[in-house]
K.L.:
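Have a look at this one before I ask anything.
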Amino acid sequence: MQSYEQSLQQTREFLLEHDDYLVVSHVQPDGDAVSSTLAVGWLLSCLGKKYTMLNEGPIPQRMEYLWHAGEIINLADGELSRKYSNIICVDCADFQRVGLTQHYFADDALIVNIDHHPTNNGYGAVTLIKPDAAATAEILFDLLKTFQVEWNIDIATAIYTGLLTDTGGFRYTNTSPKVMAAVSELLAMGVNGPLLAETLLEEMTLAQVKVLNRALNTLQLSPDGEIAWVYVTPQDMLDCNAANEDLEGIVNYPRNIRGVEVGILFKVIHDQAVKVSLRSAGKVDVAALAQVFGGGGHTRAAGARIEQTLEQAIALVLEEVKRHL
């Protein structure tokens with residue numbers, strides 16, 4: 001098995017040797033997925049390479065300040081005219097997480113897999129995976145350092161955004177000395193840390209407040225107080241004029257209750273499908289738990305999709321959480 005440094009060099013060589021890339025991240029992209037997509041795009045532009053950035057899902061409005069964020073094509077807005085032979089997947093724990101973007105992968109496509117999820121199954125011709133990295137943006141910080149490109153405020157802000165969001169504002173256990181050393185460099189380049197924290201972590205839309213209120217009204221706890229969960233329905237989303245990005249952070253409310261080991265958000269997609277978001281206080285590996293349902297993620301933050309009714313999904317997940325506890 002090759003070392004991380006060898007993987008960095010292999011990825012570097014691939015990017016230099018090929019051209020005409022399709023850059024994708026996971027469905028319903030978060031801060032790390034968006035910033036990583038744009039960081040790769042920025043690098044390719046510096047190298048004079050052709051590239052297209054694509055995603056199944058819109059870019060959160062609060063991230064529109066990022067370099068060329070408007071160039072990430074949302075499949076909901078249209079289709080591409082052709083397929084691509086060179087693919088770069090960022091922040092995708094498994095191949096299925098790329099969603100419908102895979103329809104634009106050529107049959108003989110070469111895939112570069114850049115990710116930090118422990119549950120990544122190592123798909124692709126080239127893999128750059130570091131499970132102990134705080135974010136995929138941290139890996140890209142290292143990758144960009146292997147190229148002779150001059151950093152500017154655009155790329156520094158993109159990398160900082162990925163680190164900020166995936167560490168919960170540098171509060172989670174993945175906030176390592178290496179992360180803080182990188183942050184120090186990025187701040188020295190002129191990144192406005194307080195402004196980004198306000199924009200990404202503090203500021204809320206009215207729709208977000210309304211859907212949070214709906215969710216909290218569904219709050220339930222297990223008899224022992226170790227599991228807490230909330231749910232949101234399609235009608236709630238409609239009534240609150242809420243988008244998927246407005247659900248970000250809601251799962252932390254049940255998790256943050258004193259004594260709770262696992263907090264859960266159930267988002268009803270339709271009558272027979274529910275998206276489950278899981279957060280752990282540390283006693284339960286929710287990545288392993290999510291894998292039972294075909295999902296994945298991190299030890300303390302993971303998710304899955306269950307093709308069941310809301311009631312059935314709640315029963316199944318609670319049973320599995322109790323087993324892990």
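As the structure is a computational prediction, the values presented were derived from the model and not from experiment.
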K.L.:
May I ask you to check whether F141 and W151 place their ring centers less than 6.0 Å from one another?
P.N.:
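F141 vs W151: aromatic centres under 6.0 Å.
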
K.L.:
Who are the salt bridge (Lys or Arg N to Asp or Glu O under 4.0 Å) partners of R323, not counting sequence neighbours?
P.N.:
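Checked R323 against salt bridge (Lys or Arg N to Asp or Glu O under 4.0 Å); matches are E320.
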
K.L.:
Mind checking ring-ring contact (aromatic ring centres under 6.0 Å, His included) for H298 and listing every partner two or more places apart, or none if nothing turns up?
P.N.:
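Per chain and number, H298 pairs via ring-ring contact (aromatic ring centres under 6.0 Å, His included) with H116, H117.
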
K.L.:
Ignoring hydrogens and angles, tell me if any N or O in the side chain of D166 forms a donor-acceptor pair with the backbone of T136 under 3.5 Å.
P.N.:
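Not a single qualifying donor-acceptor pair exists.
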
K.L.:
Test your reading of the model: is there a side-chain donor-acceptor pair from K49 to the backbone of G41, 3.5 Å cut-off?
P.N.:
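Answer holds: no.
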
K.L.:
With sequence neighbours excluded, tell me which residues meet side chain to side chain contact (heavy atoms under 4.5 Å, CB included) with V126.
P.N.:
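With sequence neighbours excluded, V126 shows a side chain to side chain contact (heavy atoms under 4.5 Å, CB included) to Q10, T11, F14, V112, given in chain and number order.
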
K.L.:
Taking side chain to side chain donor-acceptor pair (under 3.5 Å) as the test, write out the residues that go with T218, two or more places apart.
P.N.:
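Per chain and number, T218 pairs via side chain to side chain donor-acceptor pair (under 3.5 Å) with no residue.
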
K.L.:
Identify whether the distance between the nearest side-chain nitrogen and carboxylate oxygen of E185 and K145 falls below 4.0 Å.
P.N.:
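Salt bridge flag = yes for K145 with E185.
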
K.L.:
For I269, which fellow cluster members are found when Ile, Leu, Val, Met, Phe, Trp and Tyr are connected by side-chain heavy-atom distances below 4.5 angstrom, either directly or through intermediates?
P.N.:
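Besides I269, the hydrophobic cluster comprises nothing; the residue is isolated.
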
K.L.:
So does I155 get a backbone contact from the side chain of N152, meaning a donor-acceptor N/O pair under 3.5 Å?
P.N.:
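Confirmed, N152 side chain pairs with I155 backbone.
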
K.L.:
Testing L128, T146, L43 one by one against R12 for a side-chain contact (heavy atoms from CB on, under 4.5 Å), which residue passes?
P.N.:
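Result: among L128, T146, L43, T146 is the only option passing the side-chain contact (heavy atoms from CB on, under 4.5 Å) with R12.
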
K.L.:
Residues two or more places apart in sequence or in another chain: which of them pass salt bridge (Lys or Arg N to Asp or Glu O under 4.0 Å) with D19?
P.N.:
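Per chain and number, D19 pairs via salt bridge (Lys or Arg N to Asp or Glu O under 4.0 Å) with no residue.
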
K.L.:
Before accepting this row, confirm whether a basic side-chain N of the pair D20/R82 lies closer than 4.0 Å to the acidic partner's carboxylate O.
P.N.:
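Between R82 and D20 there is a salt bridge, with a charged N closer than 4.0 Å to a carboxylate O.
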
K.L.:
Run through the side-chain heavy atoms of Ile, Leu, Val, Met, Phe, Trp and Tyr, join any pair under 4.5 Å, and report what else lands in I73's cluster.
P.N.:
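Grouped by the 4.5 Å side-chain rule, L22, V24, L54, L75, L80, Y84, I87, F95, V98, L100, Y104, F105, I111, Y123 form the rest of the cluster around I73.
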
K.L.:
Which heavy atom in P118 sits nearest to a heavy atom in P131, and how many Å separate them?
P.N.:
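Looking at all heavy atoms of both residues, the closest pair is CA-CB, 4.0 Å.
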
K.L.:
Would you name the heavy atoms of P254 and V260 that are closest together and state the gap between them?
P.N.:
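Smallest heavy-atom distance, with atoms named: O-CG1, 3.5 Å.
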
K.L.:
If only side-chain N and O atoms count, and only distance matters, is there a donor-acceptor pair under 3.5 Å linking N241 with K210?
P.N.:
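No, no side-chain donor-acceptor contact under 3.5 Å.
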
K.L.:
Tell me every residue that passes side chain to side chain donor-acceptor pair (under 3.5 Å) with D224, counting only those two or more places apart in sequence or in another chain.
P.N.:
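For D224 the side chain to side chain donor-acceptor pair (under 3.5 Å) partners, ignoring immediate neighbours, are S222.
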
K.L.:
Look only at the side chain of R279 and the backbone of G263, and say whether a donor-acceptor pair between them is shorter than 3.5 Å.
P.N.:
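Absent.
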
K.L.:
CD1 of I129 to CG of N121: how many Å apart, nearest 0.5 Å?
P.N.:
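The distance works out to 8.0 Å.
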
K.L.:
Could you check whether any side-chain N or O of T119 sits under 3.5 Å from a backbone N or O of G297, counting only pairs where one atom can act as donor and the other as acceptor?
P.N.:
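At least one qualifying donor-acceptor pair exists.
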
K.L.:
In chain order, what residues pass the salt bridge (Lys or Arg N to Asp or Glu O under 4.0 Å) check against K83, with sequence neighbours excluded?
P.N.:
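Partners of K83 under the salt bridge (Lys or Arg N to Asp or Glu O under 4.0 Å) test: none.
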
K.L.:
From D115 CG over to C92 SG, what is the distance, rounded to the nearest 0.5 angstrom?
P.N.:
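Reported to 0.5 Å precision, the distance equals 7.0 Å.
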
K.L.:
Report, one line per pair, each donor and acceptor closer than 3.5 Å where one atom sits in a side chain of residues 156-163; sequence neighbours left out.
P.N.:
unit_1 : atom_1 : unit_2 : atom_2 : d
T157   : OG1    : I153   : O      : 2.7
T161   : OG1    : Y65    : OH     : 2.9
T161   : OG1    : T157   : O      : 2.8

K.L.:
Just by distance, do the side chain of N113 and the backbone of T127 share a donor-acceptor pair under 3.5 Å?
P.N.:
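No: the side chain of N113 does not pair with the backbone of T127.
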
K.L.:
Is there a donor-acceptor pair closer than 3.5 Å between any side-chain N or O of D246 and the backbone N or O of A243?
P.N.:
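Indeed, once roles are kept as given, a pair shorter than 3.5 Å links the two residues.
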
K.L.:
Would you say the side-chain atoms of D236 pair up with the backbone N or O of T233, donor to acceptor, closer than 3.5 Å?
P.N.:
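A pair under 3.5 Å: yes.
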
K.L.:
Is there a donor-acceptor pair under 3.5 Å between the side chain of T199 and the backbone N or O of L196?
P.N.:
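Not at all, since once roles are kept as given, no pair shorter than 3.5 Å links the two residues.
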
K.L.:
As a quick check of understanding, evaluate side chain to side chain donor-acceptor pair (under 3.5 Å) for Q2 and S7, giving each step before the final call.
P.N.:
CA-CA 7 Å; Q2 65 183 8; S7 295; 3.0 Å; yes

K.L.:
Would you give the length of the straight line joining atom CG of L38 to atom CE of M53, rounded to the nearest 0.5 angstrom?
P.N.:
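That separation rounds to 5.0 Å.
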
K.L.:
Carefully, step by step, assess L212 and Y253 under the rule side-chain contact (heavy atoms from CB on, under 4.5 Å).
P.N.:
CA-CA 9 Å; L212 171 62; Y253 284 84; 3.7 Å; yes

K.L.:
So does D142 pair up with K130, basic N to acidic O under 4.0 Å?
P.N.:
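Answer for the salt bridge query: no.
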
K.L.:
Salt-bridged, E138 to K178, with N to O below 4.0 Å?
P.N.:
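A salt bridge links E138 with K178.
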
K.L.:
Run the side chain to side chain donor-acceptor pair (under 3.5 Å) test against E226 and tell me which residues pass, sequence neighbours left out.
P.N.:
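Applying side chain to side chain donor-acceptor pair (under 3.5 Å) to E226 gives K283.
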
K.L.:
What pair of heavy atoms forms the shortest contact from P58 to N74, and how long is it?
P.N.:
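Reported closest heavy-atom pair: N-ND2, 3.5 Å.
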
K.L.:
Would you mind listing the cluster partners of V276? Hydrophobic ones only (ILVMFWY), side-chain contacts under 4.5 Å, chaining allowed.
P.N.:
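Same cluster as V276: I227, W229, Y231, V262, I264, F266, V268, V274, L278, V284, V286, L289, V292, F293, I306, L310, I314, L316, V317, L318, V321, L325.
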
K.L.:
Can you tell me how far the CD atom of E56 sits from the CD atom of Q28, to the nearest 0.5 Å?
P.N.:
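One finds 8.0 Å between CD of E56 and CD of Q28.
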
K.L.:
Here's a test for you: under side chain to side chain donor-acceptor pair (under 3.5 Å), which of D32, N55, D91 qualifies with S25?
P.N.:
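Looking at D32, N55, D91, the match for S25 under the side chain to side chain donor-acceptor pair (under 3.5 Å) is N55.
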
